[in-house]
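In what follows, a structure is listed as structure tokens, so that the remarks can point back to it.
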Protein chains: 2
Amino acid sequence: MTICGQKGKKTTEKLEGGKCSCPESRMERFIQPCLLLLLYEYPYSHGYNLLIDLKDFGFGTASDPGALYRNLRRMEEDGLVSSKWETGKSGPAKRVYELTPEGEELLHAWVENIKRNKKNLEYFLRRYKKQF
Amino acid sequence: MTICGQKGKKTTEKLEGGKCSCPESRMERFIQPCLLLLLYEYPYSHGYNLLIDLKDFGFGTASDPGALYRNLRRMEEDGLVSSKWETGKSGPAKRVYELTPEGEELLHAWVENIKRNKKNLEYFLRRYKKQF
DNA sequence: ACATATATATGTTATTAACATATAGTTCAA
DNA sequence: TTGAACTATATGTTAATAACATATATATGT
């Protein structure tokens with residue numbers, strides 16, 4: 001999709017404070033396997049915690065709550081997770097999420113795709129190193 | 001974007017011939033650094049050859065000529081490559097492409113991003129391995 | 001003569017991250 | 001006491017582009 005903080009600009013114009021000009025792209029829909037894995041590791045996590053944990057996977061200090069909650073909803077619609085409101089606690093209402101068997105299955109399938117992608121990136125870097 | 005051959009379907013419905021159900025996603029806009037590297041390695045390549053060479057990077061047997069030519073046009077608009085029609089040859093008219101200094105510069109910038117992505121995928125796989 | 005390969009290209013659609021904005025309950029600092 | 005910050009959840013809108021579809025033209029092979 002668009003590049004972080006660079007919407008509507010040419011690739012070569014996308015500079016800010018002398019920072020790296022390359023697109024801040026990541027593997028498409030990488031948020032989904034990350035959420036699946038996080039929910040495997042920590043069942044009954046709630047959204048805000050998942051938002052924080054996503055930083056471990058490179059989602060950056062400005063993880064987007066819109067993307068997170070929309071993905072969680074879609075994953076629930078697809079039967080990959082289930083959720084319920086946590087009761088009896090003080091503070092803002094919390095919704096906790098749990099992986100389903102289908103979600104666990106998809107996690108394993110994602111891993112195969114991630115392995116392929118890793119290989120492709122490694123191959124790219126090998127060819128690049130041959131030149132520079 | 002959408003998943004290869006699975007437009008308009010839920011993730012969990014996206015099965016075909018018992019194949020892997022996971023999304024065939026790749027790093028966003030990965031075609032660009034691949035084209036930049038290919039043009040560094042082989043200056044004056046033409047589109048159709050680049051289409052074939054992209055398979056090395058995981059773009060699959062059905063690399064999309066639409067995506068290729070559109071990306072080449074945008075890269076030329078952005079000053080990353082330049083092109084001219086090859087003359088004096090028989091057969092369909094060929095357009096050959098050449099990297100510009102700006103394009104080479106962006107190639108190096110892309111490499112940093114690709115390294116970060118590789119690290120994130122590796123981190124994900126390490127955490128996954130801890131569980132399974 | 002027709003199919004396939006070699007070449008280039010545009011139109012359209014689906015998807016979703018980025019960006020924007022909103023509400024609400026608590027805690028903490030001034 | 002008040003306001004900011006943190007903790008929580010969520011929807012609306014836009015930009016970008018890969019996927020999908022389709023097209024034209026020149027050669028070669030059967």
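Chain letters run A, B, ... following the sequence lines, proteins first and then strands; every chain starts at 1.
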Between B/Y97 and B/Y44, is the ring centroid distance below 6.0 Å?
no

Pair B/Y40 and A/Y128, ring centroids less than 6.0 Å apart:
no

Partner of D/dT30 under the Watson-Crick or G-U wobble criteria, both distances under 3.5 Å, comes out as C/dA1

Roughly how many Å is it from [atom1] in [X] to [atom2] in [N], rounded to a whole number?
| X | N | atom1 | atom2 | value |
| --- | --- | --- | --- | --- |
| B/R95 | C/dT8 | CZ | P | 9 Å |
| A/L68 | D/dT7 | CG | C1' | 14 Å |
| B/I31 | D/dT17 | CD1 | C1' | 11 Å |
| A/K94 | D/dT9 | NZ | P | 8 Å |
| A/K84 | D/dA8 | NZ | C1' | 18 Å |

Taking the side chain from B/T100 and the backbone from B/L80, do they hold a donor-acceptor pair closer than 3.5 Å?
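Confirmed, B/T100 side chain pairs with B/L80 backbone.
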
Look at the side-chain N and O atoms of B/R70 and state whether any lies under 4.0 Å from the OP1 or OP2 oxygen of C/dT10.
no

I want to check one thing: is the phosphate of C/dT15, taken as OP1 and OP2, less than 4.0 Å away from some side-chain N or O of A/R29?
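No, no such contact exists.
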
For DNA chain D, find the residues of residues 37-49 of chain B with a heavy-atom distance under 4.0 Å and give them by number; none if there aren't any.
none

Winner on side-chain proximity to A/Y69, out of C/dA17, D/dA19, D/dA8, is D/dA8

Between C/dT8, C/dA17, D/dA19, which one does the side chain of B/R26 approach most closely?
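Within the option list, the nearest is D/dA19.
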
Indicate the ring-plane relationship of A/F30 and A/F59, choosing parallel, tilted or perpendicular according to the 30° and 60° boundaries.
parallel

Check this for me: does any side-chain nitrogen of one of B/R127 and A/E41 sit under 4.0 Å from a carboxylate oxygen of the other?
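A salt bridge links B/R127 with A/E41.
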
Is the closest basic N to carboxylate O distance between A/E122 and A/R126 below 4.0 Å?
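Looking at A/E122 and A/R126, the cut-off is not met.
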
Considering only nitrogen or oxygen atoms on both sides, find all protein atoms under 3.5 Å from nucleotides 27-30 of chain D and state each distance.
from	atom 1	to	atom 2	distance (Å)
D/dA27	OP1	B/G91	N	3.0

